[in-house]
Amino acid sequence: MTSAPDQPPAACVLGTLPGPGFEGRRIGIVDLDREGREIGRIDLAEDALPDHVRDRETGAGGGQNGSRPRWIFSDTPKWYPPLLAAGVSIERCHDLRLTHAILARSELVTAPEALRAASDWDAAPADAAAPEQAAALFDVDAGRGFIPQVPHDLEAALAEYARQTTAIETASDPGRLRLLLAAESAGGLVAAEMRAAGVPWDEVEHDRILSDLLGPRPIRDGKPAKMLAKAEEVRAALDDPRVNLDSPNRLLAALRNAGINVASTSKWELRTSEHPAIEPLLEYKKMARLLSANGWHWLDEWVDEGRYRPVYVPGGVVTGRWAASGGGALQIPRQLRPALRADEEWRLVSADVAQLEPRALAAMSGDRAMAEAGFGRDLYSGLVDAGVVATRQEAKIAVLGAMYGSTTGEAGALVPRLRQNFPAAMHLVDSAAEAGRQGGVVSTWLGRTSPPPSEGWQRLQRAANRFDATGADEQRARRAAGDHGRFTRNFVVQGTAAEWALAWLADLRLRLERLPEIDGAPESRVAAHPAAASGPVFSRRAHLVFFLHDEVIVHAPAEQADQAAEAIRAAAASAGRLLFGDAPVDFPLDLSIGERAIKD
DNA sequence: TGACTCAGCGCG
DNA sequence: AAAGCGCGCTGAGTCA
């Protein structure tokens with residue numbers, strides 16, 4: 001039974017069917033119309049899924065006339081990588097796991113009970129890096145520290161989708177929530193696509209940077225020569241020829257013996273001392289950091305055939321930001337930026353948003369003065385021009401202090417000026433902080449809601465309210481309340497900024513997909529799944545390769561680079577309108593096109 | 001030996 | 001100078 005040709009399905013629910021079949025696993029697909037009614041149901045062998053999806057996306061199943069379906073599946077890392085490995089990409093999806101996580105907690109949902117009861121959907125993301133390990137964990141370690149996975153079978157998916165549909169329809173603002181869920185799910189697709197494509201990485205350049213700074217790669221696992229020499233320099237200056245510089249305890253003792261009066265070995269504290277050992281020590285620490293975090297070992301492990309493939313975890317941070325698991329995608333040091341390098345005859349188009357978070361705050365709070373300070377220019381300089389603060393540096397400290405809840409030091413002194421000049425924006429974050437201090441929850445612009453404080457937090461507050469509470473009890477409770485207030489203060493800003501970035505990414509992805517393939521351009525490898533029976537997949541079109549909170553990098557054929565840049569700009573403008581309508585807030589980009597992802 | 005915490009530092 | 005939000009990763013150190 002298939003869908004009627006005159007009405008292509010609006011959505012297709014995907015899931016596994018019970019029992020390992022004789023000829024291998026089978027997949028069920030249920031077609032739904034716009035009202036969510038079932039209009040068709042088929043089943044097919046797992047191997048046949050990519051071709052089937054391709055047909056639906058490109059023609060036979062309704063790909064024409066703008067009627068590609070929304071694919072509904074349990075978990076994007078489970079379903080999408082094999083499709084990408086077979087050269088099949090999809091336009092839209094609804095990720096049941098990501099959606100569940102948002103709906104079960106959102107203040108906008110008026111009837112969350114049924115969703116919350118379906119607790120097998122409260123799962124950590126699948127570890128896309130090591131599905132085999134996760135499976136092994138299940139066998140050996142069931143019940144102890146095991147990360148539960150969501151159900152992948154068709155009936156469970158249909159039931160959960162029905163619960164989610166009800167929750168959305170009865171929400172206090174379904175439109176807002178739908179926007180958030182579409183963006184979140186699109187983010188899931190982007191994460192899988194970027195992992196498949198990988199960041200083009202120049203291993204020779206990376207090795208050159210390491211060799212320049214640390215000395216040539218040592219044979220076996222020893223430390224490189226320049227680092228050893230630097231360590232000797234430090235030990236000589238400390239007059240302690242044996243001390244292990246990598247051990248904070250022993251280093252601290254050695255520093256004290258040399259008459260350097262510090263309480264820790266962190267670099268901001270060390271900088272306060274003038275001792276001749278300090279400068280080489282700080283250099284040594286920098287070298288040690290580079291070697292251990294992004295040295296040759298990292299290169300061997302994470303870069304393969306010229307591609308760096310970090311594991312992104314969409315929705316991995318409570319605020320809605322992405323996290324990363326393995327590969328350190330969130331912390332590629334600036335030192336290594338020159339190693340990001342486009343393929344031959346390709347370009348990297350890099351763009352980041354200047355001051356995304358304060359702009360999101362201005363937009364969501366409707367603070368016209370703040371919006372105006374940043375319109376068409378650097379927001380921090382705008383604050384200086386408006387006479388709010390004296391220098392750009394002060395502006396930055398004040399704005400960060402306002403969003404993070406600083407109360408002391410320079411930031412604490414500057415924040416009141418913002419409160420005076422931007423009352424709407426400051427009222428929004430101050431209210432969020434107050435809600436958090438009281439133990440309440442707060443929500444982003446599109447309705448992602450913060451987690452309530454933990455049981456331990458509640459216990460502290462109760463203890464402080466007892467008749468026999470000590471001063472220490474009260475102090476602990478006050479401190480915990482303040483911590484949570486700063487968390488909720490930042491949550492609304494960071495979370496709304498993350499929503500803008502997701503909308504940007506989702507829109508950009510579709511714009512890039514609509515660009516033509518360039519006949520003359522060499523191919524770029526965009527998928528090579530280890531488990532794929534098929535070979536690598538190639539592209540001749542611009543595609544996303546990196547995303548980090550407020551920054552994207554697109555890999556584009558040289559002659560398409562300008563179009564890719566325009567797509568990035570257009571997507572940013574579109575994201576602003578989608579979230580904030582006609583609010584007078586812009587999101588200006590720093591954008592560059594080059595062989596390398598370096599901005600001047 | 002593995003599982004844990006902590007200090008320290010990279011990113012936004 | 002340090003502080004005030006969110007992360008992940010490494011190596012040292014500790015415990016069993």
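Since the structure is predicted, the reported quantities are computational estimates derived from the model, not experimental observations. So you know, we letter chains A, B, ... as the sequences are listed, proteins then strands, and number each from 1. Values below: all heavy atoms of this structure, side chains included; hydrogens, waters and symmetry mates excluded.
- The CG-P distance, from Leu281(A) to dC9(B), rounds to 9 Å in whole Å.
- The residues Arg97(A) and Asp75(A) are annotated as salt-bridged, a charged nitrogen and a carboxylate oxygen being separated by less than 4.0 angstrom.
- Here dG10(B) presents its C1' atom at 17 Å from CE of Met287(A), a figure rounded to the nearest Å.
- Screening residues 390-417 of chain A for side-chain hydrogen bond (donor to acceptor under 3.5 Å, both in side chains), with sequence neighbours left out, gives Asp378(A)-Arg392(A).
- The CG atom of Asn294(A) sits 9 Å away from the C1' atom of dC9(C) (whole-angstrom rounding).
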Exercise. How does protein contact run along nucleotides 10-16 of chain C, one letter per nucleotide 5' to 3', with B for base contact, S for sugar-phosphate only, - for none, heavy atoms under 4.0 Å?
Worked result: SSSS---
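- Here Gly327(A) lies in heavy-atom contact (under 4.0 Å) with sugar-phosphate atoms only.
- You'll find the ring centres of Trp296(A) and Trp302(A) outside the 6.0 Å limit.
- For Glu269(A) and dA1(C), the CD to C1' distance is 11 Å, given to the nearest whole Å.
- A donor-acceptor contact closer than 3.5 angstrom is absent between the side chains of His484(A) and Trp457(A).
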For this session: Would you write the dot-bracket representation of DNA chain C, where each base gets (, ), [, ], | or . depending on whether it forms a Watson-Crick or G-U pair under 3.5 Å and with which partner?
Result: ....||||||||||||
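- Atom-to-atom, OH of Tyr312(A) to P of dC11(B) comes out at 16 Å; the value is rounded to the nearest Å.
- Comparing atom distances between the Pro333(A) side chain and each of dG8(B), dA3(C), dG10(B) picks out dG10(B) as nearest.
- Residue-to-nucleotide proximity on DNA chain C shows that, of Gly409(A) and Met403(A), the 5′-proximal contact is made by Gly409(A).
- Within residues 476-490 of chain A, the residues that have a heavy atom under 4.0 Å from DNA chain C are, in order of number, Arg486(A), Phe487(A), Asn490(A).
- Checked against the 6.0 Å centroid criterion, the rings of Tyr308(A) and Trp298(A) qualify as a close aromatic pair.
- The nucleotide whose nearest atom lies closest to any side-chain atom of Lys285(A) is, among dA2(C), dC5(C), dG8(B), dG8(B).
- Remark: the Gln331(A) side chain and the dG8(C) base include a donor-acceptor N/O pair separated by less than 3.5 Å.
- A salt bridge does not link Arg489(A) to Glu434(A): none of the charged nitrogens lies less than 4.0 Å from a carboxylate oxygen.
- Between Phe547(A) and Val190(A), every side-chain heavy-atom pair lies at or beyond the 4.5 Å cut-off.
- Salt bridge status for Glu283(A) with Lys286(A): absent, with no side-chain N to carboxylate O gap under 4.0 Å.
- Judged as a salt bridge (charged side-chain N to carboxylate O under 4.0 Å, His left out), and not counting sequence neighbours, Arg479(A) has no contacts.
- Residues passing the salt bridge (charged side-chain N to carboxylate O under 4.0 Å, His left out) test with Glu107(A): none are found, sequence neighbours excluded.
- Between Lys286(A) and dC9(B) there is no side-chain polar atom (N or O) within less than 4.0 angstrom of OP1 or OP2.
- For dG8(B), one of the phosphate oxygens OP1 or OP2 lies less than 4.0 angstrom from a side-chain nitrogen or oxygen of Thr265(A).
- Taking atom CE on Met426(A) and atom C1' on dG4(C), their separation rounds to 12 Å, with Å as the unit.
- Map Ala411(A) and Val318(A) each onto its nearest nucleotide of DNA chain C; the residue landing nearer the 5' end is Ala411(A).
- Side-chain atoms of His297(A) do not come within 3.5 Å of backbone N or O of Leu291(A) as any donor-acceptor pair.
- The separation between Trp322(A) atom CH2 and dC11(B) atom C1' is 16 Å, rounded to whole Å.
- For the pair Arg176(A) and Trp445(A), the cation-pi test (distance below 6.0 Å, angle within 45°) is passed.
- When atom types are taken as modelled, the side chain of Lys223(A) and the backbone of Leu214(A) share no donor-acceptor pair closer than 3.5 angstrom.
- Taking the side chain of Val317(A) as heavy atoms from C-beta on, and the options dC7(C), dC11(B), dA1(C), the nearest nucleotide is dC7(C).
- Between the P atom of dA1(C) and the CD atom of Glu410(A) lies a distance of 12 Å, rounded to the nearest Å.
- Among the nucleotides dG4(C), dG8(C), dC11(B), the one closest to the side chain of Arg334(A) is dC11(B).
- Nearest nucleotide to the side chain of Lys267(A), out of dG10(B), dG4(C), dC5(C): dG10(B).
- Ile332(A) comes within 4.0 angstrom of sugar-phosphate atoms only, judged by non-hydrogen atoms across all strands, and of no base.
- Among the nucleotides dC7(C), dG12(B), dA1(C), the one closest to the side chain of Leu330(A) is dC7(C).
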